[in-house]
Amino acid sequence: MVERPYTLLSCGMSIDGYLDDAAQDRLLLSNEADFDRVDAERAGCDAILVGSNTIRQDDPRLMIRAESRVSARVARGEAPHPLKVTVTGSCDIDPAARFFTLGDAEKLVYCASARVGDARERLGKVATVVDGGDPVDLHRVTADLAARGVRRLMVEGGGSMHTQFLTAGLADELQLVVAPFFVGDSRAPRFVSDGDFPWGPAHRARLAGVRQIGDVVLLRYALSEKFED
């Protein structure tokens, strides 16, 4: 079996399963206490992965916020911040996005084979562009990350990435935060899209924990035998 990192999917959604609403501004689905929990999870990972659409829409920093956690990583001999990773078929990503410009962490862009040349011309000065296959194959991506020393990978979205990791059977753990409201707009992005998921009525995912964090609820699901309790 090809080695791959322990893979944790992290997501916040509304009661009715939406990641955002249809408005231009980002919808906040969590609270400060949970943002701090996510920060702690990031600090324990070697790499954080988001889809290119998340970079275009949310312009995330993907950096650890708490200086104490940054210092603890350095004391352990690790880089101050986890490696930043994205996956793209089109390579249509702005090199001025905060994903690339903020922080000294290495940035990796896994691109479809046919667009590698374009991606290196566009992003080669701000990231390492890697051939991810055509179409991009997440088994190939995770195997390459493992070869680069990534032992623990955190996937923070969006819905397309969650769907692809789950349907490919590449997720070991799901941390799902549920916000106490509805979005109620089919134009908005959902947690996952249609797909052939390993977990269904005949094969239920194991609920490993439930935790109230202020007005949100964290659900932890064990999705593989590698799950770390």
Side-chain angles (χ1 to χ4, degrees), residues 1-20 28-51 54 60 62 64-66 69 72-73 76 78 82-83 85 138-139 141-143 145-146 150-183 189-229:
M1 175 181 265
V2 177
E3 183 181 2
R4 64 170 179 83
Y6 182 89
T7 302
L8 160 66
L9 271 58
S10 176
C11 177
M13 70 176 191
S14 63
I15 292 174
D16 50 347
Y18 288 98
L19 297 175
D20 204 345
L28 293 181
L29 290 155
S30 195
N31 54 43
E32 281 302 317
D34 186 57
F35 290 143
D36 186 66
R37 178 196 64 82
V38 172
D39 194 57
E41 290 287 354
R42 285 180 175 177
C45 292
D46 302 302
I48 304 170
L49 183 150
V50 295
T54 296
L62 299 185
I64 300 168
R65 297 193 303 174
R69 293 177 180 132
R73 285 177 59 91
R76 294 195 299 265
E78 301 172 2
L83 180 74
V85 184
L138 290 182
H139 290 88
V141 169
T142 54
L145 287 171
V150 174
R151 297 155 299 172
R152 188 176 180 90
L153 171 66
M154 188 171 182
V155 179
E156 293 198 26
S160 175
M161 283 291 95
H162 292 316
T163 301
Q164 291 181 58
F165 270 89
L166 289 166
T167 56
L170 292 173
D172 301 298
E173 177 179 348
L174 171 62
Q175 295 187 2
L176 189 62
V177 168
V178 182
F181 55 79
F182 296 82
V183 170
R190 299 192 67 89
F191 162 46
V192 292
S193 54
D194 294 349
D196 184 11
F197 296 91
W199 307 274
H203 181 210
R204 298 182 179 220
R206 179 169 70 87
L207 180 62
V210 179
R211 176 183 166 195
Q212 181 177 350
I213 307 173
D215 64 348
V216 303
V217 174
L218 168 65
L219 305 174
R220 291 184 70 210
Y221 289 94
L223 302 182
S224 83
E225 294 180 355
K226 293 171 63 177
F227 174 76
E228 298 173 357
D229 205 350

Please collect all side chain to side chain donor-acceptor pair (under 3.5 Å) contacts where either partner lies in residues 193-207, sequence neighbours excluded, each pair once.
Thr163-Ser193
By side chain to side chain contact (heavy atoms under 4.5 Å, CB included), Glu225 pairs with (sequence neighbours left out) none
Any side-chain heavy-atom pair of Arg73 and Pro82 under 4.5 Å:
yes
Heavy-atom closest pair, residues Ala208 and Ala222
CB-N, 4.3 Å
Measure the spacing between NE2 of His162 and OG of Ser10 and express it to the nearest 0.5 Å.
7.5 Å
Tell me, do Val177 and Cys11 make a side-chain contact under 4.5 Å, heavy atoms counted?
no
Mind checking the CG-CG spacing from Leu28 to Asp20? Nearest 0.5 Å is all I need.
9.0 Å
Would you say that Met161 contacts Val50 through its side chain, given a criterion of any heavy-atom pair below 4.5 Å between the two side chains?
no
Rounded to the nearest 0.5 Å, the CZ atom of Arg4 sits from the CG atom of Leu138 at a distance of 11.0 Å
Student check: side-chain heavy atoms of Phe181 and Ser14 closer than 4.5 Å
yes
In Å, rounded to the nearest 0.5 Å, how long is the span from CG of Leu8 to CG of Leu49?
12.0 Å
Only residue of Val183, Val217, Val178 satisfying side-chain contact (heavy atoms from CB on, under 4.5 Å) with Ile15 is Val178
Start with the C-alpha distance between Leu83 and Leu145, add both sets of side-chain angles, then the distance that settles side-chain contact (heavy atoms from CB on, under 4.5 Å), and finish with yes or no.
CA-CA 10 Å; Leu83 180 74; Leu145 287 171; 4.1 Å; yes
Can you sort out the partners of Arg151 under side-chain hydrogen bond (donor to acceptor under 3.5 Å, both in side chains), two or more places apart, ordered by chain and number?
Asp46
Nearest 0.5 Å please: distance from the OH atom of Tyr221 over to the CG atom of Leu207.
5.0 Å
For Arg65, check salt bridge (Lys or Arg N to Asp or Glu O under 4.0 Å) against everything at least two apart and list the hits.
Glu32
Taking side chain as C-beta onward, heavy atoms only, is Asp172 less than 4.5 Å from Pro5?
no
Could you walk me through whether Thr7 and Lys226 pass the side-chain contact (heavy atoms from CB on, under 4.5 Å) test, one step at a time?
CA-CA 9 Å; Thr7 302; Lys226 293 171 63 177; over 6 Å; no
Shortest non-hydrogen separation from Gly12 to Leu19 and the atoms involved:
O-CD2, 3.4 Å
Measure from the side-chain N and O atoms of Asn31 to the backbone N and O of Ile213, and report whether any donor-acceptor pair falls under 3.5 Å.
yes
Nearest 0.5 Å please: distance from the CD atom of Glu3 over to the OG1 atom of Thr142.
10.0 Å
With Pro198 via side chain to side chain contact (heavy atoms under 4.5 Å, CB included) - residues at least two apart
none
Is there a side-chain contact between Tyr6 and Phe227 (heavy atoms, below 4.5 Å)?
yes
Side chain to side chain donor-acceptor pair (under 3.5 Å) partners of residues 35-44, not counting sequence neighbours, each pair once
Asp34-Arg37, Asp36-Arg69, Arg37-Gln175, Asp39-Arg69, Glu41-Gln175, Arg42-Glu156
For the residue pair Glu173 and Leu223, establish whether any side-chain heavy-atom pair is separated by less than 4.5 Å.
no
